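Here's the structure we're looking at; comments come further down.
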Amino acid sequence: MARIAFILLCHKDPEAIIDQARRLTAAGDYISIHFDARSGRAPFEKIREGLKDNPNVAYATKRIKCGWGEWSLVQASLYAVEAAEKAFPRATHFYMVSGDCMSVKTAEYMHNFLDQEDVDYIESFDFFESEWIKTGIKEERLIFRHWFNERTQKWLFYQSFWLQRRLGLQREIPADIQVQIGSQWWCLRRRTIEWILEFTRKRTDVMRFFRTTWIPDETFFQTLVRHLVPETEIQARTLTFLMFTDYGMPVVFYNDHYDLLVTQDFLFARKISPEATELKKRLGDLFAAKGVEFQISGEGRSLYKFLTGRGRNGRRFAQRFWETESSLGRDRELLMIVCKKWHVAKRLVAEIKEHSDVPCIEYLFNEESTPLPDLGGIEKSLEKRTRHRRAWVRMLFDYFETDRLVVCLDSDGLDLIKDFYSDRSGTRLLEIECEFTDEYLEGHAKRVGLAGDQTPHDALEKLLPTLKSDINHEYDGIRDADFENHERISQTKTPEENAGPIARFLKISYEDALKIANTDYLFYD
């Protein structure tokens with residue numbers, strides 16, 4: 001059976017570290033702790049005192065001061081790994097964690113999971129070919145030497161960087177290694193750890209190289225594992241669930257994220273908020289449980305965006321900034337149909353095409369595959385359509401040689417609606433009000449990635465009221481904006497009642513509008 005030696009890097013909160021070590025070793029596993037030397041001796045001694053009777057605890061062979069992006073983080077990991085490899089000969093796996101990590105499965109589940117495949121789990125992607133690095137310097141992390149910390153010694157960091165660049169002092173990467181990149185949170189087999197430690201003793205040239213690279217905790221172990229282990233024995237993934245915001249900051253999990261975390265295909269999660277005491281207790285109790293079955297659904301990232309988009313307390317109302325582009329045209333009129341149920345709007349559009357000559361485009365800002373004319377390839381990118389929305393819609397007006405155009409928008413597109421209403425062109429809005437059954441909401445949750453086929457029924461029951469409330473909030477936001485020329489049809493009204501708003505929206509006769517309103521099964525799911 002798998003026995004795990006956890007490699008814990010930490011720098012604060014000794015009481016939490018003691019609790020974490022006790023919990024992780026309670027099922028027969030081990031832990032090796034590196035407590036940052038910057039935090040002083042007193043808190044470290046508190047940890048040693050609290051765990052002095054636990055034989056499954058070891059400490060890094062040396063404590064050092066660690067800095068973000070520095071080699072010191074890798075060196076601290078190696079000191080803790082060396083201690084664990086020596087102290088725990090029965091350990092089969094070595095799992096890197098931090099003080100902000102918590103298990104999201106039972107110990108029983110973890111051991112069974114690691115027994116299933118004889119592989120290493122580590123994100124390991126080609127440094128130059130992958131798009132793992134989104135912003136900032138890339139190859140410069142490697143080809144220049146970095147002696148200073150970019151966060152705490154910014155002036156020295158960049159003076160050294162630019163001086164090396166001006167003088168052409170770039171260096172060669174060791175010829176026989178292919179630099180890889182990935183998350184620092186890995187789980188490696190004992191044999192792999194032994195190979196790495198042996199490599200560090202023999203290959204002093206590679207060690208010198210990595211000591212002056214920038215952010216080596218994302219490249220060192222990732223590169224060595226690829227160099228030493230057959231590709232068939234590597235799973236290029238982390239077993240620790242973590243996400244980053246659009247600003248590159250780690251996502252923090254709170255008490256209301258329990259159901260989200262335990263259904264993900266991961267063993268740990270990072271970062272857990274220090275204030276999430278209820279979440280910590282529930283996850284701690286879960287780790288010690290026996291016979292628990294987990295239904296893995298894996299929609300964590302989508303569900304997280306949904307939850308945080310609503311805000312931790314109340315809702316976030318801050319408007320996005322949309323870039324200003326030239327007008328659609330003063331004499332043109334954009335007709336927007338807003339509906340959460342896309343199939344309803346599409347049925348209405350099909351009838352509009354039958355009874356009018358106004359060109360209609362379906363969900364061009366929401367649906368990648370919506371039918372569009374060939375405009376040289378730009379139409380294939382949903383991101384480009386949204387980023388350059390006015391230029392894009394202007395091209396559609398030109399393509400169809402029309403002054404009137406119908407487009408469909410999701411009800412979550414309030415910012416889009418506001419942007420088009422601020423244009424000099426004429427703008428009209430038709431809102432379709434639908435009823436939302438639980439069956440529809442379940443299907444919607446799965447379509448947009450908030451749930452999967454394996455999502456537990458209890459989790460779905462908790463999600464649906466929130467989802468319905470969120471949809472209602474979207475419609476309320478549209479109505480509160482008090483747009484001019486805003487018409488509304490409803491599932492609860494008769495075709496005769498709906499014909500009037502359609503006639504005013506399209507500027508057609510009541511008789512033609514009634515034919516559209518009488519569309520068979522318009523509102524049916």
Side-chain angles (χ1 to χ4, degrees), residues 1-41 43-66 70-103 107 110-111 114 120-122 183-201 216-217 220-222 224-225 238-240 267-268 270 284 287:
M1 184 183 75
R3 299 284 293 276
I4 306 170
F6 294 102
I7 309 301
L8 174 61
L9 299 188
C10 50
H11 65 280
K12 61 182 180 180
D13 202 351
E15 292 87 356
I17 298 304
I18 293 170
D19 290 341
Q20 187 179 27
R22 287 173 177 168
R23 182 176 64 255
L24 292 179
T25 58
D29 293 312
Y30 313 99
I31 193 167
S32 179
I33 301 171
H34 180 277
F35 191 75
D36 196 329
R38 294 182 188 274
S39 300
R41 184 149 192 92
F44 178 61
E45 290 302 324
K46 187 172 185 178
I47 293 172
R48 293 183 68 99
E49 179 65 22
L51 298 172
K52 64 180 180 180
D53 297 325
N54 192 327
N56 289 5
V57 176
Y59 299 93
T61 53
K62 184 178 180 180
R63 286 181 66 210
I64 60 173
K65 295 179 179 180
C66 297
E70 295 179 7
W71 169 255
S72 54
L73 283 175
V74 176
Q75 187 62 72
S77 303
L78 287 172
Y79 284 144
V81 166
E82 288 172 347
E85 189 269 340
K86 182 178 180 180
F88 310 127
R90 297 181 63 189
T92 61
H93 293 77
F94 294 70
Y95 195 128
M96 177 72 71
V97 295
S98 75
D100 295 322
C101 293
M102 280 203 72
S103 56
M110 288 189 191
H111 295 149
L114 295 176
D120 295 308
Y121 294 91
I122 182 169
S183 167
Q184 70 180 106
W185 311 108
W186 40 255
C187 179
L188 304 176
R189 297 166 297 171
R190 183 178 195 89
R191 184 180 62 180
T192 303
I193 289 294
E194 292 170 347
W195 285 347
I196 289 173
L197 293 178
E198 182 181 8
F199 184 95
T200 62
R201 291 189 287 267
D217 55 305
F220 179 77
F221 288 100
Q222 296 78 1
L224 264 59
V225 170
T238 174
L239 296 179
T240 298
L267 304 184
F268 276 76
R270 184 181 188 275
F287 186 72

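Small disclaimer: the values here were computed from a predicted structure and weren't measured. Hydrogens, waters and symmetry mates play no part in the numbers below; they use all other heavy atoms, side chains included. Count residues from 1 along the sequence.
By the salt bridge (Lys or Arg N to Asp or Glu O under 4.0 Å) test, R189 is found to be paired with D118, D120, E233, residues two or more places apart in sequence or in another chain being considered. Not counting sequence neighbours, the partners of K46 by the salt bridge (Lys or Arg N to Asp or Glu O under 4.0 Å) test are E15. Checked against side-chain contact (heavy atoms from CB on, under 4.5 Å), E82 has the following partners two or more places apart in sequence or in another chain: T61, Y79, L197. Looking at residues two or more places apart in sequence or on another chain, you find no side chain to side chain donor-acceptor pair (under 3.5 Å) involving T238. Residues meeting the side-chain contact (heavy atoms from CB on, under 4.5 Å) test with A91, sequence neighbours left out: A5, Y30, F88, F94, R190.
Under 3.5 Å, the side chains of D217 and S77 contain no donor-acceptor pair of N or O atoms.
Applying the salt bridge (charged side-chain N to carboxylate O under 4.0 Å, His left out) test to every pair with at least one member in residues 25-41, sequence neighbours left out, gives these pairs: R41-E45.
Annotation: H11, atom NE2; neighbour count of heavy atoms from other residues, nucleotides and ligands within 6.0 Å does not exceed 12.
Q20 places a side-chain N or O within 3.5 Å of a backbone atom of C101 that can act as its donor or acceptor partner. Not a single donor-acceptor pair under 3.5 Å links the side chain of S98 to the backbone N or O of L9. Checked by atom type and distance alone, the side chain of H34 pairs as donor or acceptor with a backbone atom of I64 at under 3.5 Å.
At a threshold of 4.0 Å, the pair E198-R201 does not count as salt-bridged, since none of the basic side-chain nitrogens sits closer than that to a carboxylate oxygen.
Atom OH of Y95 is separated from atom CG of L8 by 12.5 Å, given to the nearest 0.5 angstrom. The CZ atom of F220 lies 6.5 Å from the OG1 atom of T200; values are rounded to the nearest 0.5 Å. Here the CZ-CZ distance, from F35 to R48, works out to 12.5 Å after rounding to the nearest 0.5 Å. Between R22 atom CZ and I31 atom CD1 the span is 12.0 Å, to the nearest 0.5 Å. For the atom pair L114 CG and I4 CD1, the distance stands at 5.0 Å (nearest 0.5 Å).
Contact detail for K65 and S72: the closest heavy-atom pair is O-CB, 3.4 Å.
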